[in-house]
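When a ligand or atom number is given, it counts from 1 through the structure's own listing order.
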Amino acid sequence: MSDEAKKGSNGPGDASGRDLWGGHFARGPAPLMQQINASIGFDKRLHAHDIEGSMAHARMLAAQGIVTGADRDAILGGLRQVAEEIAHGRFVFKVEMEDIHLNVEARLTELIGEPGRRLHTGRSRNDQVATDFRLWVRDAVDRSLALLRRLMAALVAQADRYASDVMPGFTHLQAAQPVTFGHHLLCYVEMLARDHGRMTDARRRMNECPLGAAALAGTSFPIDRQATASELGFERPAANSIDAVSDRDFALDYLASASICAVHLSRLAEELVLWSTQQFGFVRMSEDFTSGSSIMPQKRNPDAAELIRGKSGRICGHLQALLVTLKGLPLAYSKDMQEDKEGVFDAADTLELCLAACAEMVASMKVDTARMEEAAGHGFTTATDLADWLVRVKGAAFRDAHGVAARAVRLAEERASGLEDLGLDELRAIDPRIDEGVFEVLGVRNSVASRTSEGGTAPVRVREQVARWRGLLEELDR
Ligand code: ARG
């Protein structure tokens, strides 16, 4: 036992908080110091993980003979009672106790006395907070992974439904070539699957246990780090005690994955906004995710999609904030690192809300397939098909065929008609090699049906991909 503990003055035993530092300080903190220093206002969200970590630590201390079995039982019983008080809203979080770690320990000691004062043996708040926060972020990753799979499943279901329905595909937001709506939706599934992969990688990397690093140098007590690591579900103890308490790259990994995912959601949301305009009219969002206007009775505003687009800024901002906070920090722990939590909490809340809302919005949207198909033919979107046909069927060189198709587009423009409305004689006047076979490729359905290359938009390819994703999602859900 340390000298301070023997004196009975160490540890957060005194409700005023004056006694926190074992009598080393003559007075309590200035009110402004308390305000700038205390993190309990937000890190109370770590309570379950803090208690879980303390339980693992107490069991290990007893198994190693560092505390007695009786002390361990008292500590475990006390921690269970603390957990219950928190669960029932009976726990009083005290700002004088600075943070969640000291709040829990103080209450534990109030409840069980002396054994509570032994819990902090062989650890520090530095390894404690690093452990708690990793556990919290790991749970956040798991929640995001499940929500990502739910959104992917919603997109796959819609892609299946609209595997052969045609829409205009865009580049530069100019009608480019017809694509199938199912193919377009599966594009988002690909992006989200990479987000899922990034989150999974982040989880694997963060799954090392800081507990036992103590303040920064390790400890002289004969602790068993394997035991606490495995009890807390970590792959292994972190190998370097300084690294264990000084880096927060696990939080950066999470925020980076969350930011990229949020940007993907924002692009999907933007398309939903665009598609549900009167001008596009491809999609009608469910009433559940839109709002009316207080003065314009015809309005149906896609607020939820706009907010998903808007909230992506917050998530990306939190990544930036933590990067800048960590930059230039000397090893090991500095109090700056207390700033790691609020951004991560908010990013997680925001991302989870957006993922859940997005899944329901996608599942409940109504699609106007006739209108989409009509739009797919506007803007001479099958001009490439005309050029490809000349190459494939008539042996023209692509650059020449491209010129022929461009002249056909100019003519159709003059006529204010579609390419498929031009007469055969008109087309033959541009290039005599053209025959009536060309009309087979000038319609949008024929266009998409012909794009059967691997990864292409043809309905047969889309159906293959739907089947592939169904299988992969089932595997991921296991
Ligand atoms: N509340 C602190 C944090 O969030 C806990 C660690 C404090 N450690 C210290 N040496 N003061 O980082």
Can you check side chain to side chain contact (heavy atoms under 4.5 Å, CB included) on K44 and F42, steps first, answer last? CA-CA 5 Å; K44 58 167 83 139; F42 50 88; over 6 Å; no

Is any NZ, NE, NH1 or NH2 atom of the basic residue among R125 and E98 found under 4.0 Å from an Asp or Glu carboxylate oxygen of the other? yes

Is the closest basic N to carboxylate O distance between R267 and E270 below 4.0 Å? no

For A62, check side-chain contact (heavy atoms from CB on, under 4.5 Å) against everything at least two apart and list the hits. V67, R72

List of N/O pairs, ligand 1 versus protein, all under 3.5 Å?
unit_1: ligand 1; atom_1: 1 (N); unit_2: S39; atom_2: OG; d: 3.3
unit_1: ligand 1; atom_1: 1 (N); unit_2: D99; atom_2: OD2; d: 2.9
unit_1: ligand 1; atom_1: 1 (N); unit_2: Q338; atom_2: OE1; d: 2.8
unit_1: ligand 1; atom_1: 4 (O); unit_2: K341; atom_2: NZ; d: 2.6
unit_1: ligand 1; atom_1: 8 (N); unit_2: N126; atom_2: OD1; d: 2.9
unit_1: ligand 1; atom_1: 10 (N); unit_2: N126; atom_2: OD1; d: 3.0
unit_1: ligand 1; atom_1: 11 (N); unit_2: R125; atom_2: NH2; d: 3.4
unit_1: ligand 1; atom_1: 12 (O); unit_2: Y333; atom_2: OH; d: 2.5

Please determine whether side chain to side chain contact (heavy atoms under 4.5 Å, CB included) holds for the pair D132 and H101, giving the CA-CA distance in whole Å, both sets of side-chain angles, and the decisive distance to 0.1 Å. CA-CA 9 Å; D132 294 2; H101 324 294; 3.2 Å; yes

Before we go on, tell me: are the rings of H47 and W136 under 6.0 Å apart, centre to centre? no

